[in-house]
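Before any comments, here is the structure.
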Amino acid sequence: MIIRPEEPPDIAAIRFVNEQAFDGSGEANAIEALRDRGAASLSLVAVIADRVVGHLFFTPAGIESADRSWPALGLAPLAVLPEYQRRGVGSALMDAGLEECRRLGCERIIVLGHPDYYPRFGFERASQYNVRFEFEAPDEACMILALQPGALDGISGVAKYQPEWNGV
Ligand SMILES: CC(C)(COP(=O)(O)OP(=O)(O)OC[C@H]1O[C@@H](n2cnc3c(N)ncnc32)[C@H](O)[C@@H]1OP(=O)(O)O)[C@@H](O)C(=O)NCCC(=O)NCCS
């Protein structure tokens with residue numbers, strides 16, 4: 001398996017992976033809209049035998065309070081083709097993605113996702129840090145990760161994603 005940044009010829013395959021993983025086109029449409037307006041912070045693909053089988057995408061995000069904001073990256077989505085799931089593809093994408101985000105200087109990451117999956121990568125419940133999400137979602141699905149020491153100290157506010165994610 002190779003994990004690498006997306007390249008222009010991968011665009012159709014990335015749509016396919018997301019449509020198959022989520023059984024719909026909402027995520028794929030949002031990814032393309034964000035990419036088209038230059039709001040993709042990091043887009044990685046997992047390739048097995050020359051086929052794109054997984055995709056991980058990050059966009060600019062933040063935690064906003066009345067008088068302060070803390071920049072972050074929003075992880076959304078992580079997708080693996082159904083027939084390639086539970087073989088370590090998602091974990092390989094996450095390990096490479098988090099390392100690259102750290103290298104890029106990102107201090108914190110937010111995710112709205114499966115509470116049984118993301119804690120293995122260090123994500124914690126955002127509400128522990130007085131961070132709430134705008135979306136209607138169970139508290140345990142709203143998570144945050146510090147990529148630098150102290151990155152969650154004193155933080156408090158609302159986690160904001162790019163508007164393309166509203167309603168997806
Ligand atoms: C979630 C997803 C990305 C995981 O990718 P993957 O390549 O299957 O994951 P890995 O093989 O690295 O890890 C498998 C582990 O994740 C767990 N896992 C997989 N999907 C899970 C899910 N939906 N909820 C909770 N745990 C899940 C498995 O139980 C397994 O745990 P184990 O190692 O303790 O047995 C993949 O299942 C997927 O694309 N799902 C559909 C889209 C989706 O829901 N994306 C996440 C949006 S937040």
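For this chain, numbers begin at 1 and follow the sequence in order. Both ligands and their constituent atoms are indexed starting at 1 by order of listing.
- The closest protein non-hydrogen atom to atom 11 (O) of ligand 1 is Gly88 N, 2.7 Å.
- Those atoms of ligand 1 with a heavy atom of Gly113 less than 4.0 angstrom away are 48 (S).
- Contact annotation for Met94 and ligand 1: no heavy atom of the residue comes within less than 4.0 Å of the ligand.
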Enumerate, atom names and distances included, each donor-acceptor pair closer than 3.5 Å involving a side-chain atom of residues 146-160, sequence neighbours excluded.
unit_1	atom_1	unit_2	atom_2	d
Gln148	NE2	Cys106	O	3.2
Lys160	NZ	Glu134	OE2	3.1

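- Among Tyr117, Phe121, Tyr84, Phe22, the residue whose heavy atom lies closest to atom 9 (O) of ligand 1 is Tyr117.
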Mind running side-chain contact (heavy atoms from CB on, under 4.5 Å) on Phe58 and Leu44 for me, showing each step along the way?
CA-CA 9 Å; Phe58 294 90; Leu44 294 180; 5.6 Å; no

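- By the 3.5 Å distance cut-off applied to N or O atoms, Val80 is counted among the residues near ligand 1.
- Within 6.0 Å of atom CG in Asp23, 12 or fewer heavy atoms from other residues, nucleotides or ligands are found, so the atom counts as exposed in its surroundings.
- Separating the CZ atom in Phe57 from the CG atom in Leu75 is a distance of 11.0 Å, to the nearest 0.5 Å.
- Within a 4.0 Å radius of atom 45 (N) of ligand 1, the protein contributes at least one heavy atom.
- A salt bridge is absent between Glu99 and Arg102; no separation between the charged side-chain nitrogens and carboxylate oxygens falls under 4.0 Å.
- The nearest protein atom to atom 41 (C) of ligand 1, hydrogens excluded, is given as Ala21 O, 3.5 Å; this is a heavy-atom distance.
- The closest non-hydrogen atom to atom 36 (C) of ligand 1, taken over Gln85, Glu27, His114, comes from Gln85.
- Tracing side-chain contacts under 4.5 Å through hydrophobic residues (I, L, V, M, F, W, Y), one never reaches Leu104 starting from Ile144; they form parts of separate clusters.
- Set against the non-hydrogen atoms of Tyr118, the atoms of ligand 1 under 4.0 Å away are 46 (C), 47 (C), 48 (S).
- Within 6.0 Å of CZ on Phe16 lie no more than 12 heavy atoms contributed by other residues, nucleotides or ligands.
- Using a 4.0 Å threshold on non-hydrogen atoms, atom 2 (C) of ligand 1 does not count as touching the protein.
- Set against the non-hydrogen atoms of Ala79, the atoms of ligand 1 under 4.0 Å away are 39 (O).
- Scanning Met143, Arg120, Arg86 for the heavy atom closest to atom 32 (P) of ligand 1 points to Arg120.
- In summary, the atoms of ligand 1 found under 4.0 Å from a heavy atom of Ser91, numbered by their order in the structure, are 10 (P), 12 (O), 13 (O).
- Summarising the local packing, CZ of Arg132 is surrounded by 12 or fewer heavy atoms from other residues, nucleotides or ligands at distances under 6.0 Å.
- A salt bridge (charged side-chain N to carboxylate O under 4.0 Å, His left out) check over residues 63-86, counting only residues at least two apart or in different chains, returns the pairs Arg51-Glu83.
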